[in-house]
Amino acid sequence: MKITQKSLCFILLICFSWAINGQYIQVNDTYTAQQLVQNVLVGNSPCAGVSNFSVSGGNFANGQQSYGYFNAGTSGFPFSEGIVLSTSKAISTQGPNSAILSESSSGWIGDPDLNQALGITNTSNATILEFDFSPLTSAVSFDYIFASEEYHGSAPCTYSDGFAFLLKEAGSTGSYQNLALVPNTTTPVKVTTVHPAVAGSCPAINETYFGSYNGVNSPTNFNGQTVIMKAQANVIPGTTYHIKLVIADETNPQYDSAIFLGANSFNIGANLGSDKLIATNNPICEGDTYDLDATLPGLNSYLWFKNGVSTGITTPIYTVRDSGVYKVEITLIGTTCVATDEVTIEYSSKPSLTNTHLIQCDDDNDGIATFDLTKVSSIITGNNTQLSSVVYFEHINDVNPIPNPRSFRNSTSNTVYGRVSNSYGCVAFATVNLQISNQIIGIQNPIIKCDADGNLDGFTAFNLNIDATPQILTGLPTGLVVEYYLTNNDALVQQNPLPNSYTNITANEQIIYARIVNGPDCFGITPIKLKVTSFSPVHFEDETVYICNGNPKRIAVSNGFSSFQWSNGDGTSYTNISVAGNYTVTVTNTLGCQATKKFIALNSGTATITSIDVVDFSGSENSIVINYSGIGNYEFSIDGVHYQDSPQFYDVSEGSYLMYIRDINGCGIPSPSKVFVLDYPRFFTPNGDSFNDFWTIKNSAKYPNMIIFIYNRYGKLITQVNTKGSGWDGTYKGSPVPADDYWFTILLDNNRIIKGHFALLR
């Protein structure tokens, strides 16, 4: 680098300060535009003339500028020295990164050319370095790093300052070309276009070109920065160009940014194109060659280098066959200009594929079959999800692929080719040999299944893997798998497979087709008869039984079955139970069909009469209620002949009765209890005709303590009836009393008093 005498004096003055602060970059903001361009960026290259220098930026106190020269010292910053252009004071870009850098100055405006280049309208605090240059060669490039305080939190998803490296022919009224682009794109470099993923906010964008988030002891006072990037363009030798390097705040002056330009990186030389790298997804494919063309107009000499060692090749075009760092030196005859360019070339291996075969069954033995080629795609790629889908061709040099690889009929070819590419576009082929299978597989016996769904309609569910597959595979090689289809054609093309749990759609018998496969290969196709047989024994409906008074009870089914299995473990046609609950027996016939009968066992027992309630002396309202205890289901009777569900009897005539309770489940009848229902005559006719000549209470003799008094209508006691006699004869002191109504009072031994009246008729 060429340093002027004036600059040298300043540098000597600050050397001591740099020694102390060597861990951070050091900035000198006293450089003129010419010094920054000619002495720092271009380095007095003999390959171009530079002129018409200008620089502008913020007007800060004490003459501080937003641009300047920087030196990395021992800080480890990627550029050892260069130019800094910032939206803050240039000197404020020095580390440490201890505070948010947000500086501005009065009247510091944006730049319309930057606005146009980036498609924005709201810039401010623009710092601009401009100059003209006239190249002797056809390419120009320089290195830079973009750094910003906006590399923090979720800001990279939304916010970014703007910058551009604008180029056009000097004096042209046309639009500028922006050189500050993400490599191999037309996307401007910004915080929002170059950043890693921000968790919960946005995915990574062009993360390859993001350098780092910076800690407190960063060489610069910025939160993050890109890697070293290259701005480049093709130019016409001898033509004068104007270049404008500009950075500005966008939207607001907070969270400043800067661009750092590498010293002596302004290269007027050859253009070998961009690096071909795996990291940037553009390597050269294994086995391919790649021509590096450094041709410049005029008489020139060329010398190529690989990995820093001369190859001795002096042609303008160099053919690359393997990875390396390639550099060309072009000496322009008649000048001292030596144009150079360097490019890194990496090679990617082609996809590693597996050759395979595919066997299909021949439905008509004509030597032609329809193949689903996609069945071997995973075999070809080894299930490598980083590879492309397999595209199939009849011939390896064909341009057009097989249009329907799922239904390829091998009428002319027994070999096809699968083409696969990796993420870099590198292509490889695998061969697929097509073979025909003529295996004959015969299953003589039908697959019999019992109609066990309870409907006995000739339809039932087959578990094909259990009911059919073992019979089909008997005697065949191991490793085969069976698939099932409704038709032979479905089995051939493997469409509409039947589920493992399949219910026949034709009652009682149906033909389906089994395809025996070995991986993707068809071993054979055979028809299978499914047969449904019914098994419904008589008297197998649910049955309720009763355990009487806790005594063991035998429950049983017919003996005419192959096997029996009771839920309590017994294995005969009967079992004894003594505890209430549900019991089942499953029987099996000679075909292996099963049926199950359920016994519902309930406790029952003989009833006990605890008491009897009698309502009497009430005429038609006389009643008897039997009170009882027991766990059975009972019926009740007061004559031992006629039974009813209710223990209450109404409209009971006077007389004696025996109370019966019987268990309808057959658990017995306890001894009857006897009761009497009493009542009184409503009239009597003591006329000596032997009919109703006496008024008495029937069965009163059963109650020896009963006392009966009879009164006339005036309350006069007429007589006391002897309950052991024949009754009152209608006289008072031996003389007949007149026909009239008479009243009575009955005293019972339970202190019950019954009163009423009756008529004496003559």
Check this for me, if you would: do [X] and [Y] make a salt bridge, where the nitrogen-to-carboxylate-oxygen distance has to be below 4.0 angstrom?
X	Y	value
Lys698	Asp679	no
Asp366	Arg409	yes
Asp542	Lys597	no
Lys598	Glu543	no
Arg752	Asp616	yes

Evaluate the side-chain proximity of [Y] to [X]: yes if any heavy-atom separation is below 4.5 Å, no if none is.
X	Y	answer
Ile447	Ile528	yes
Ser578	Lys553	no
Glu509	Val532	no
Cys450	Gln594	no
Ser604	Asn633	no

Kindly give the heavy-atom pair with the smallest separation between [X] and [Y], and that separation in Å.
X	Y	value
Val545	Ile577	CG2-CD1, 4.3 Å
Asp521	Ile359	OD1-N, 2.8 Å
Phe462	Asn504	CE1-OD1, 3.9 Å
Leu760	Gly730	CD1-CA, 3.8 Å
Cys667	Asn549	O-ND2, 3.8 Å
Tyr502	Pro499	CB-O, 3.6 Å

- Chi angles and distances behind the side-chain contact (heavy atoms from CB on, under 4.5 Å) call for Asp372, Val493: CA-CA 7 Å; Asp372 181 358; Val493 298; over 6 Å; no
Could you give the distance from [atom1] ([X]) to [atom2] ([Y]), rounded to the nearest 0.5 Å?
X	Y	atom1	atom2	answer
Ile631	Tyr634	CD1	OH	6.5 Å
Ile600	Thr584	CD1	OG1	11.5 Å
Thr685	Arg762	OG1	CZ	9.5 Å
Tyr680	Ile708	OH	CD1	12.5 Å
Thr370	Asn489	OG1	CG	8.5 Å
Ile753	Leu748	CD1	CG	9.0 Å

- Option among Tyr583, Tyr574, Phe599 that satisfies the ring pair (Phe, Tyr, Trp, His ring centres under 6.0 Å) test with Trp566: Phe599
- Identify the residue among Trp728, Tyr714, Phe709 that makes a ring pair (Phe, Tyr, Trp, His ring centres under 6.0 Å) with Tyr742. Trp728
Would you tell me whether [X] and [Y] have side-chain atoms, one donor and one acceptor, within less than 3.5 Å of each other?
X	Y	answer
Thr590	Ser562	no
Gln510	Lys531	no
Glu483	Gln494	yes
Asn627	Thr610	no
Thr572	Asp570	no

- Task: Kindly write out the residues that satisfy ring-ring contact (aromatic ring centres under 6.0 Å, His included) with Tyr657, not counting sequence neighbours, or none if the list is empty.
- Result: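 Tyr657: no ring-ring contact (aromatic ring centres under 6.0 Å, His included) contacts found.
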- Task: Check whether more than 12 heavy atoms from other residues, nucleotides or ligands sit under 6.0 Å from atom CD of Glu621, and answer yes or no.
- Result: no
- For Asn500, the option from Asp467, Thr469, Asn463 that meets side chain to side chain donor-acceptor pair (under 3.5 Å):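 Only one of Asp467, Thr469, Asn463 forms a side chain to side chain donor-acceptor pair (under 3.5 Å) with Asn500, namely Asn463.
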- Before giving the answer on side-chain hydrogen bond (donor to acceptor under 3.5 Å, both in side chains), spell out for Asn568 and Thr575 the whole-Å C-alpha distance, their side-chain angles and the decisive distance to 0.1 Å. CA-CA 8 Å; Asn568 62 4; Thr575 188; 2.9 Å; yes
- Message: Applying side-chain contact (heavy atoms from CB on, under 4.5 Å) to Val432 and Leu434, what does each step give before you reach the verdict?
- Response: CA-CA 6 Å; Val432 182; Leu434 305 181; 4.0 Å; yes
- Message: Donor-acceptor check, side chain of Ser646 to backbone of Gln648, threshold 3.5 angstrom: yes or no?
- Response: yes
- Task: Is it possible for you to check whether Arg682 lies under 6.0 Å from the centre of the six-membered ring of Phe758, through NZ or CZ, and within 45° of that ring's axis?
- Result: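 Not satisfied by the 6.0 Å and 45° rule.
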- Quick one: does NZ or CZ of Arg662 land under 6.0 Å from the six-membered ring centre of Tyr643, within 45 degrees of the ring axis?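 Arg662 over Tyr643 ring: yes.
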- Task: Mind telling me whether Phe564 and Phe561 have parallel, tilted or perpendicular rings, with 30° and 60° as the class edges?
- Result: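 The rings of Phe561 and Phe564 stand perpendicular, inter-plane angle above 60°.
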- How are the rings of Trp695 and Phe744 set to each other: parallel, tilted or perpendicular (split at 30° and 60°)?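 The arrangement is tilted - the two ring planes meet at 30° to 60°.
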- Message: If you take the centroid of each ring, where Trp contributes its six-membered ring, are Tyr628 and Phe636 closer together than 6.0 Å?
- Response: yes
